[in-house]
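In this chain, numbering begins with 1 at the start of the sequence shown.
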Amino acid sequence: MTTAETSPTSSTPGTPRERALAALRQQAIELPSWAFGNSGTRFKVFGTPGTPRDPFEKVSDAAQVHQYTGVAPRVSLHIPWDLVDDYGKLAAHAADLGVTIGMVNANLFQDDDYKLGSLTHADPRVRAKAVAHHAECVEVMRATGSKELKLWLPDGTNYPGQDDLRERQDRLADSLHQVYALLDDDMRLVLEYKFFEPAFYSTDVPDWGTSLLHCLALGDRAKVVLDTGHHAPGTNIEFIVVQLLRAGRLGAFDFNSRFYADDDLMAGAADPFQLFRIMHEIVGAGALAPGTPSDPGWDPAGPGVNFMLDQCHNVEDKIPGQIRSVTNVQQATAKALLVDRDALRAAQRAGDVLGAHDVLMDAYHTDVRPLLAELRESSGLDPDPMAAFKASGYLQRTAGERIGGTQAGWGA
């Protein structure tokens, strides 16, 4: 799929507004189940009335976001946070609510055996245990219809000399090959990176280059996950987006916001201009909707990019926090779709520095809220999803119904 085929220009039929609406109707943003449980900082996790007590209630809450936004049809699971006895029943519950199960996320950071590493551990027994956990995740994928296994590796060292850096990479490569071999032919592995935390001297997958190298060694169905909070201050994230798209290896996005580090705040809250710049590159590459796992004939080795949220809501209500994040991503996307790309290319080729910049800024400063209201109304939705959700009384009802049991959290 080429840029010319998918990136809207003045030669594409329809007005700029019509072209933007058509593209926005294809957008899908996956939600994380863990965003609906209690989560927060290492200092305190605050509970709230009505918090889900099990994965079924998490999916129910996630379905509310889709009901009012119309663009959040999938829910990611996190194992073992979302362990249930019958995953087929969970998938059916999701389908009854109009959503599906998306990515399955492995957990390698909450087991005492992983204190010094999981897939990179010096002890073969621990590495085998970590691989076996991914085999469990693949079984969950088969039971729920999920096609993507996401792996974030917290492994690393805190002190120079603590372990051999090269040997850790060799162990990781071997472990990843074992995990990749577990996948069915219509599944893919997406490998996330993070430049620090919980390890502080060396992290085993600290950047997009390391993730890409391992993915290239695995095969066509291995892709890189980019989390917008997982970079050093000042990193040009949109440049990384371009490089991974050029290589055909951008598999997924984790959208959130950060002021200092991996803050996991609502997408678009801290730097909406950065979110716009990222979406501008995605739209320009024709990667906004080139195919998702829920599409018939989806190719796991193809160029599909899964856009999802990876956030926690510590002081704000969880469903409204997800609705706000989804609408923020929609606004950034709409602005990116309104960039006059023909004028931008003409200015760039003419060496008109300020002219090119002005084209971009004109789109960024456009108020796209009326456009998105029109989009929702044309789909039979309330033009203001936040107001409509608040008026539904869902939070009050669940607070009264979800009495007893243990509220879901992230296990910290």
Side-chain angles (χ1 to χ4, degrees), residues 1-8 22-32 66 70-77 94 99-106 137-138 141-142 144-152 179-180 183-193 208 211-212 214-216 218-228 237-238 240-255 267 275 278-310 326 329-330 332-333 336-337:
M1 188 170 292
T2 67
T3 299
E5 291 170 329
T6 57
S7 178
L24 287 165
R25 287 190 182 96
Q26 301 179 67
Q27 188 169 32
I29 302 167
E30 189 165 315
L31 306 181
H66 183 51
V71 293
R74 297 188 302 274
V75 187
S76 290
L77 300 183
V99 296
T100 60
I101 301 302
M103 283 186 176
V104 171
N105 294 254
C137 290
V138 171
M141 294 168 67
R142 292 176 179 137
T144 60
S146 170
K147 299 300 180 184
E148 294 179 291
L149 174 66
K150 185 161 79 172
L151 196 164
W152 171 63
V179 172
Y180 190 71
L183 300 176
D184 297 338
D185 290 342
D186 61 348
M187 296 176 178
R188 72 179 179 185
L189 179 150
V190 288
L191 179 61
E192 191 171 351
Y193 63 90
W208 67 275
S211 179
L212 177 60
H214 282 291
C215 288
L216 290 173
L218 291 174
D220 292 340
R221 292 180 292 112
K223 309 276 184 172
V224 178
V225 179
L226 189 157
D227 185 306
T228 51
I237 296 176
E238 54 268 34
I240 300 172
V241 171
V242 168
Q243 290 291 63
L244 291 174
L245 286 171
R246 289 182 68 248
R249 292 288 177 152
L250 180 59
F253 257 101
D254 281 0
F255 284 121
L275 185 55
I278 291 170
M279 296 311 299
H280 168 68
E281 297 300 341
I282 290 169
V283 169
L288 184 60
T292 60
S294 58
D295 294 336
W298 177 68
D299 181 5
V305 180
N306 191 352
F307 302 103
M308 67 165 290
L309 306 178
D310 182 10
V326 167
V329 174
Q330 280 187 297
T333 305
L337 287 164

Seminar exercise, completed: Only residue of Val190, Val242, Val225, Leu226 satisfying side chain to side chain contact (heavy atoms under 4.5 Å, CB included) with Leu250 is Leu226
Problem set entry | Min side-chain heavy-atom separation Val329-Phe307 under 4.5 Å | no
Exercise. So among Lys147, Arg188, Lys223, which one has a side chain to side chain contact (heavy atoms under 4.5 Å, CB included) with Pro300?
Worked result: Arg188
Exercise. What distance separates Arg142 CZ from Asp184 CG, expressed to the nearest 0.5 Å?
Worked result: 4.0 Å
For this session: Have a look at Phe253 and tell me which of Ile282, Asp310, Ile29 forms a side chain to side chain contact (heavy atoms under 4.5 Å, CB included) with it.
Result: Ile282
Exercise. Got a donor-acceptor contact below 3.5 angstrom from the Asn105 side chain to the Leu77 backbone?
Worked result: yes
For this session: Please test Glu148 against Met308 for side chain to side chain contact (heavy atoms under 4.5 Å, CB included), starting from the C-alpha separation and ending with a verdict.
Result: CA-CA 12 Å; Glu148 294 179 291; Met308 67 165 290; over 6 Å; no
Exercise. Are the side chains of Gln243 and Leu212 in touch, meaning some heavy atoms are under 4.5 Å apart?
Worked result: no
For this session: Step by step, work out the side chain to side chain contact (heavy atoms under 4.5 Å, CB included) result for His280 and Glu238.
Result: CA-CA 9 Å; His280 168 68; Glu238 54 268 34; over 6 Å; no
Exercise. Are Val326 and Leu31 close enough that some pair of their side-chain heavy atoms sits under 4.5 Å apart?
Worked result: yes
For this session: Mark yes or no for whether Ser146, through its side chain, and Gly102, through its backbone, hold a donor-acceptor pair below 3.5 Å.
Result: yes
For this session: Kindly give the heavy-atom pair with the smallest separation between Leu245 and Val305, and that separation in Å.
Result: CD2-CG2, 4.3 Å
For this session: Nearest 0.5 Å please: distance from the CD1 atom of Ile278 over to the CD1 atom of Ile237.
Result: 5.0 Å
Seminar exercise, completed: Shortest non-hydrogen pair, Met187 vs Arg221, comes out as O-NH1, 2.7 Å
Seminar exercise, completed: Here the pair of heavy atoms bringing Tyr180 nearest to Leu218 is CE2-O, 3.2 Å
Problem set entry | CA sep, side-chain torsions, deciding dist, call: Leu149, Val179, side chain to side chain contact (heavy atoms under 4.5 Å, CB included) | CA-CA 10 Å; Leu149 174 66; Val179 172; 3.8 Å; yes
Exercise. Do the side chains of Leu288 and Gln26 get nearer than 4.5 Å, heavy atoms only?
Worked result: no
Exercise. Any sub-3.5 Å donor-acceptor pair from Ser211's side-chain atoms to Val224's backbone N or O?
Worked result: no
Exercise. Where do Val75 and Met103 land on the side chain to side chain contact (heavy atoms under 4.5 Å, CB included) test, with the steps shown first?
Worked result: CA-CA 7 Å; Val75 187; Met103 283 186 176; over 6 Å; no
Problem set entry | Ala267 versus Phe255, closest heavy-atom pair with distance | CB-CB, 4.0 Å
Problem set entry | Validation row: Met279, Leu337 side chains within 4.5 angstrom (heavy atoms) | no
Problem set entry | Shortest non-hydrogen separation from Arg74 to Ala28 and the atoms involved | NH1-CB, 3.9 Å
